[in-house]
There are 2 protein chains.
Amino acid sequence: MDTRERLIESTRELLWECGYVGTSPKAIQRRSGAGQGSMYHHFRGKSDLALAAITRSAEELRDRAEAELGGSGTPVQRVAAYLRRERAALRGCPVGRLTQDSDVMADPTLRRPIEETFAWLRDRLAGVLAEARAAGELATALDPAATATALVAVLQGAYVLARAAGDADVYARAVDGALGLLAAH
Amino acid sequence: MDTRERLIESTRELLWECGYVGTSPKAIQRRSGAGQGSMYHHFRGKSDLALAAITRSAEELRDRAEAELGGSGTPVQRVAAYLRRERAALRGCPVGRLTQDSDVMADPTLRRPIEETFAWLRDRLAGVLAEARAAGELATALDPAATATALVAVLQGAYVLARAAGDADVYARAVDGALGLLAAH
DNA sequence: GTCTATAGGACGATAGAC
DNA sequence: GTCTATCGTCCTATAGAC
């Protein structure tokens, strides 16, 4: 892994752990093993580096979601597989976390990949739920778009509750609750 | 409103907008109109002031939730009233937001009010759902505790999605989806 | 109770040698 | 491409006058 790559990966980790405000160029240099000059040679500054890191994290989230939502099984099975997939509950969502960072949200460039990722995810999940409804797996009374938004919200909120409780099991419990609600429809 | 009070209220606003790392004593002084010496006279430092602010925000969240969950109507009506209550969707949850702040979560003193608040909320909501089930308003197959956790997660996640989209309607849509799932049970 | 002065360090970035 | 030196600013906190 070359220097540029190490800088991006270190920034991804730090943004995940500390957020944008809490991540300093010095900390990035320390973790990546790159020097001051090296960092500013490869990137224009903190926000430029953050953009590269955020873009990659967003792509990764989409790829992983697509692996399950576009996988095999009935529509409801694929939704369940996506919801149940193991996640680092206590670390939080590397993309959703940035949503709470006003410096990120105030910058249209940094914000775009986050906005696009969740728009895509809600829409993709709504599509699978529409499939489920068409196949008779899901009540016709349920609106796919609203249901999809609620399910994505459960995942994002589950991170919050797990961190608040200091207990990863809370994440699983929220998912159980969501699947329970989905089950009888 | 005296100086001490203005300091606490200003800190509450800033923690809400900028998080703990993003909130500086200087910014608190600017917003409250209190001087340097004044702030350090009333509080030992940043974390001491943050504790007062967080404790108050946590109490407020509990009081507001209790107003609806312990209000009038059938259990399911009370849950719906709680979920549908108007919130500042784009500002995020003043308590849940702090969950993403590693400095806050690393400090047991600052963390306790957050942990207790969500533990109480999940439990309180589970109680109302148990009432609903006993009254035949809700399917016996649904576990009150898991369902309550999922519903609280929907609210917390709805803030994330609304901020990501830059659109408060997304919050309402997540709530609609959750109530839709709850309806047919 | 509130003020100003000051501390020692970290922040984000730039300059210029090698 | 990477290094060290340096900049000006802000950070959190303390000291001591009023």
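Reminder, nothing fancy here: chain letters follow the sequence lines and each chain counts from 1.
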According to ring pair (Phe, Tyr, Trp, His ring centres under 6.0 Å), who are the partners of B:Tyr159, at least two apart in sequence or on a separate chain? B:Tyr171
Measure from CE on A:Met39 to P on C:dT14 and round the result to the nearest Å. 10 Å
Is B:Arg97 close enough and on-axis enough to B:Trp16, meaning under 6.0 Å and within 45°, for cation-pi? no
Quick one: on DNA chain C, does A:Thr23 or A:Gly37 contact a more 5' nucleotide (nearest heavy atom)? A:Thr23
Taking the six-membered ring of B:Tyr82 (Phe, Tyr or Trp), confirm whether the NZ or CZ of B:Arg87 is under 6.0 Å from its centre and within 45° of its axis. yes
Can you list every pair that meets salt bridge (Lys or Arg N to Asp or Glu O under 4.0 Å) and has a residue in residues 124-140 of chain A, with sequence neighbours left out? A:Glu66-A:Arg124, A:Arg78-A:Glu131
Within the pair B:Ser24 and D:dC11, is there a side-chain N or O less than 4.0 Å away from OP1 or OP2? yes
Whole angstrom value for the distance that separates P of C:dA13 from OH of A:Tyr40: 4 Å
For DNA chain D, determine which residues of residues 41-56 of chain B have any heavy atom closer than 4.0 angstrom to one of its atoms, and list them numerically. B:Gly45, B:Lys46
Mind checking B:Gly35 for me? I need base, sugar-phosphate or nothing, with any heavy atom below 4.0 Å counting as a touch. sugar-phosphate
Examine C:dT2: is either OP1 or OP2 under 4.0 Å from a nitrogen or oxygen in the side chain of B:Thr3? Give yes or no. yes
Which of the following nucleotides, D:dC3, C:dG12, C:dT2, is nearest to the side chain of A:Pro25? C:dG12
Please tell me whether A:Gln156 and B:Gln156 have a donor and an acceptor in their side chains that are separated by less than 3.5 angstrom. no
Spacing of A:Lys26 atom NZ relative to D:dT6 atom C1', expressed in whole Å: 12 Å
note: A:Arg6, atom CZ; D:dT2, atom C1'; distance rounded to Å ~ 12 Å
Integer-rounded Å distance: C:dA10 C1' and A:Gln36 CD: 12 Å
Rounded to whole Å, how long is the line connecting atom CD1 of B:Ile28 with atom P of D:dC10? 17 Å
Check: A:Arg163/B:Thr99 side-chain N/O donor and acceptor closer than 3.5 Å: no
Report the distance from atom OH of B:Tyr20 to atom P of D:dC11, rounded to the nearest whole Å. 14 Å
Same cluster or not: B:Val21 versus B:Leu15, using hydrophobic residues (I, L, V, M, F, W, Y) connected whenever any side-chain heavy atoms lie under 4.5 Å apart? no
